[in-house]
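Just so you know, these numbers use all the heavy atoms, side chains as well, and skip hydrogens, waters and symmetry mates.
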Amino acid sequence: MESTAGQATSPSTRAARAPTRLPGLDGIRGIAALFVVLHHCWLLSFPGFPADTGPAWAGWLVYGHLAVVMFIVLSGFSLAVSPANSGWRLNSLRRFAYRRAWRILPPYWAALLFSLVVAWTLIPQPGQGDPTVKSVVVYGLLVQDLFGSPSPNGAFWSIAVEAQLYIVFPLMLLVLRRAGAAVLLTVLTVVVALIGLLAPSVPAVDLFMRLTPQFAVLFAIGAVAAGVAAAMARGVTAHGQAHEDASPWPSRLPWLALAATAPVVLLIVVRGPAWTVDHYFWVDLAVGPAVGLLLASVAAGRPRPLVRLLDTRALRRLGSFSYSLYLIHAPIVVVVNRMVLAPRLAPGVTMFLATLVLTVPLALLAAWLFASVFELPFQRHRGWGALRAAVLRR
């Protein structure tokens, strides 16, 4: 969901600066957002979730939640790239807060309005009633993980979690600066693991589960991975290309990411979707290191074939409006599946394929148009003055 890659600049030299865009990250964002769209198409076509009642070839679409895990780690990574090159310091807390709000809120509030209109005039989200005034307030203030109310959009739950992580991000940077990555990850993991262990038996602790506390660890993993990528970038800047070739770490990172991924994938395959969904708290924590290693590897340009694929024009373009796609696809999928296809088709493969054929192009086009108005202008222009001047020029 976060869509800024940060600046990979080295403090050791003012003359040589790394590119502001890290190749491959936009492609990862685009693929993750598209995966969420496919997941929701699957959910509405095969009843019984978390049981896998669809064909075996589509079974991987049960795990759409893991795309959100990718987004959270990637968000921590993206926000930490610049501080990692500046001694884990932010230029200004006020500036950071303003830029996060400027980047996230305009498209989110526009998507909230769109979702409310669809829910009130066409069809609400599955399993939800019509949104209420409380829904407007709760979702408008990004506290939907704290207060229950009918949801106007099934994808909005994670936006509140990410916004809350922005609040603690400066504190994470302080710990990284004063104590180091090992202390940050150890303390967070121990605290979050204790919450997970005590929640089933202690009602007061169980309240914290509404905050999806494991995402704090994932966010921190992303920040630490950015530090790894920045350290390697500094080595290249200081010593040149020969130093990169001599260092074993860029070439080792893909294998480390694969080694971290393999046991988690094996566990999911062996235990199945029902168990996995019921244990997402622990699965998320297990997936996090693999995602962090993958991001550090891609930032280092390895493996090169994967980075070239992720950095193709199509995937870069998809990544450029991935936040908008994530924000507005759910109402579109529900309208097409429930209002257009459900009266004509029974749940199953035919409905799933028809949902894909109709929904994916429509969602992509709608998200691109939406981003052109509510997302991309706020990326290009960092304040009302600049935005107003751009509009007047047009």
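- Checked against a 6.0 Å centroid threshold, the rings of Phe370 and Phe114 do not count as neighbours.
- Taking all atoms of both residues into account, the shortest heavy-atom contact from Leu142 to Gln164 is O-NE2, 3.6 Å.
- By the 4.5 Å heavy-atom criterion applied to side chains, Trp275 and Val283 are counted as neighbours.
- To the nearest 0.5 angstrom, Trp88 atom CH2 is 15.5 Å from Arg178 atom CZ.
- The side-chain heavy atoms of Pro200 and Asp206, taken from C-beta on, include no pair separated by under 4.5 Å.
- Around the CH2 atom of Trp109, the shell of radius 6.0 Å holds no more than 12 heavy atoms that belong to other residues, nucleotides or ligands.
- Between the side chain of Ser86 and the backbone N or O of Arg89 there is no donor-acceptor pair closer than 3.5 Å.
- Remark: the backbone N or O of Pro150 is paired with a side-chain donor or acceptor of Ser135 at under 3.5 angstrom.
- Legend: residues meeting side chain to side chain contact (heavy atoms under 4.5 Å, CB included) with Val307, ordered by chain and number and at least two apart, are Pro23, Val298.
- In this structure, Phe49 and Trp42 have perpendicular ring planes: the angle between them is above 60°, well past the 30° mark.
- Shown here is Arg177, whose CZ atom has more than 12 heavy atoms of other residues, nucleotides or ligands within 6.0 Å.
- No continuous path of hydrophobic side-chain contacts links Leu376 to Phe378 [ILVMFWY only; heavy atoms under 4.5 Å].
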For this session: Evaluate side-chain contact (heavy atoms from CB on, under 4.5 Å) for Ile221 paired with Val291, printing each intermediate quantity in order.
Result: CA-CA 9 Å; Ile221 288 173; Val291 177; over 6 Å; no
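- What you find for Phe35 and Leu61 is that their closest heavy atoms are CE1-CD2, 3.5 Å.
- Distance CZ/Arg99 to CG/Leu90: 11.0 Å, rounded to 0.5 Å.
- Residues meeting the side-chain hydrogen bond (donor to acceptor under 3.5 Å, both in side chains) test with Ser297, sequence neighbours left out: none.
- Side-chain contact, Asn337 with His40: no donor N or O sits under 3.5 Å from an acceptor N or O.
- Environment of CH2 in Trp255: sparse, with no more than 12 heavy atoms of neighbouring residues, nucleotides or ligands closer than 6.0 Å.
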For this session: For the pair Ser92 and Tyr98, evaluate side-chain hydrogen bond (donor to acceptor under 3.5 Å, both in side chains) and give the outcome as yes or no after the intermediate values.
Result: CA-CA 10 Å; Ser92 164; Tyr98 175 81; over 6 Å; no
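- Nearest heavy atoms, Ala299 versus Ala229: CB-CB, 3.8 Å.
- Here the shortest heavy-atom pairing between Ser75 and Phe219 reads OG-CE1, 3.6 Å.
- Ser78 and Arg29 form a side-chain donor-acceptor contact under 3.5 Å, judged by distance and modelled atom types alone.
- Follow the hydrophobic side-chain contacts under 4.5 Å out from Val168 and you reach Phe96 in the same cluster.
- In this structure the side chain of Ile31 never reaches within 4.5 angstrom of the side chain of Met70, judged on heavy atoms.
- Residues satisfying the side-chain hydrogen bond (donor to acceptor under 3.5 Å, both in side chains) criterion with Gln125, sequence neighbours excluded, are absent altogether.
- The CG atom of Leu285 sits 10.0 Å away from atom CZ of Phe215, with the distance rounded to the nearest 0.5 Å.
- For the 3.5 Å distance criterion, the side chains of Ser151 and Tyr139 qualify, holding a donor opposite an acceptor.
- Ring geometry for Phe352 versus Trp57: interplanar angle of 30 to 60°, hence tilted.
- Residues Tyr326 and Ile159 form a side-chain contact, since some pair of their non-hydrogen atoms from C-beta on lies under 4.5 Å apart.
- Proximity of a side-chain donor or acceptor of Arg271 to a complementary backbone N or O of Thr276 within less than 3.5 Å is not detected.
- Separating the CG atom in Leu318 from the CG atom in Leu325 is a distance of 6.5 Å, to the nearest 0.5 Å.
- For the atom pair Ile28 CD1 and Ser322 OG, the distance stands at 11.0 Å (nearest 0.5 Å).
- Both Val340 and Phe46 are part of a single hydrophobic cluster, where members link through side-chain heavy atoms under 4.5 Å apart.
- For the pair Gly227 and Ala84, the tightest heavy-atom approach, listed with the atom from each and the gap, is CA-CB, 3.9 Å.
- Looking at Tyr166, its side chain never comes within 3.5 Å of a backbone N or O of Arg100 through a donor-acceptor pair.
- With Asn153 contributing its side chain and Leu327 its backbone, the two residues share a donor-acceptor pair below 3.5 Å.
- With contacts defined as side-chain heavy-atom distances shorter than 4.5 Å, the pair Asp284/His65 qualifies.
- At least one donor-acceptor pair under 3.5 Å links the side chain of Ser320 to the backbone N or O of Arg317.
- The environment of CZ in Phe208 is sparse: at most 12 heavy-atom neighbours from other residues, nucleotides or ligands sit within 6.0 Å.
- Judged by distance alone, the side chain of Lys134 and the main-chain N or O of Gly148 form a donor-acceptor pair under 3.5 Å.
- Using a 4.5 Å heavy-atom threshold, the side chains of Val143 and Val137 count as separate.
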For this session: Show your working on ring-ring contact (aromatic ring centres under 6.0 Å, His included) between Tyr108 and Tyr323 and close with a plain yes or no.
Result: CA-CA 9 Å; Tyr108 172 75; Tyr323 181 45; 8.0 Å; no
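- Placement of Val187 and Leu171 in two distinct hydrophobic clusters is found when ILVMFWY residues are connected by side-chain heavy-atom separations under 4.5 Å, directly or transitively.
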For this session: Step by step, work out the side-chain contact (heavy atoms from CB on, under 4.5 Å) result for Leu253 and Met232.
Result: CA-CA 11 Å; Leu253 282 173; Met232 289 188 295; 3.3 Å; yes
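- Heavy atoms from other residues, nucleotides or ligands lying under 6.0 Å from CH2 of Trp368 number 12 at most.
- For the pair Leu362/Leu358, no side-chain contact is recorded, criterion being any heavy-atom separation below 4.5 Å from C-beta on.
- Using a 4.5 Å heavy-atom cutoff, the side chains of Ser45 and Pro347 are not in contact.
- In terms of hydrophobic clustering, with Ile, Leu, Val, Met, Phe, Trp and Tyr side chains grouped at heavy-atom distances under 4.5 Å, Leu194 and Phe281 are assigned to different clusters.
- Using a distance-only test at 3.5 Å, with no hydrogens or angles considered, no donor-acceptor pair links the side chain of Arg95 to the main chain of Asn91.
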Problem set entry | Derivation of the side-chain contact (heavy atoms from CB on, under 4.5 Å) call for Ser251 and Arg302 | CA-CA 7 Å; Ser251 59; Arg302 303 296 180 90; 3.4 Å; yes
For this session: Step by step, work out the side-chain contact (heavy atoms from CB on, under 4.5 Å) result for Thr355 and Leu44.
Result: CA-CA 9 Å; Thr355 304; Leu44 294 176; 5.8 Å; no
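- In this structure, Tyr280 OH and Thr212 OG1 are separated by 13.0 Å, a value rounded to the nearest 0.5 Å.
- A donor-acceptor pair is defined here as one N or O able to donate and one able to accept, closer than 3.5 Å; no such pair exists between the side chain of Trp157 and the backbone of Asp145.
- Closest non-hydrogen pair, Thr189 versus Val217, comes out as OG1-CG1, 3.7 Å.
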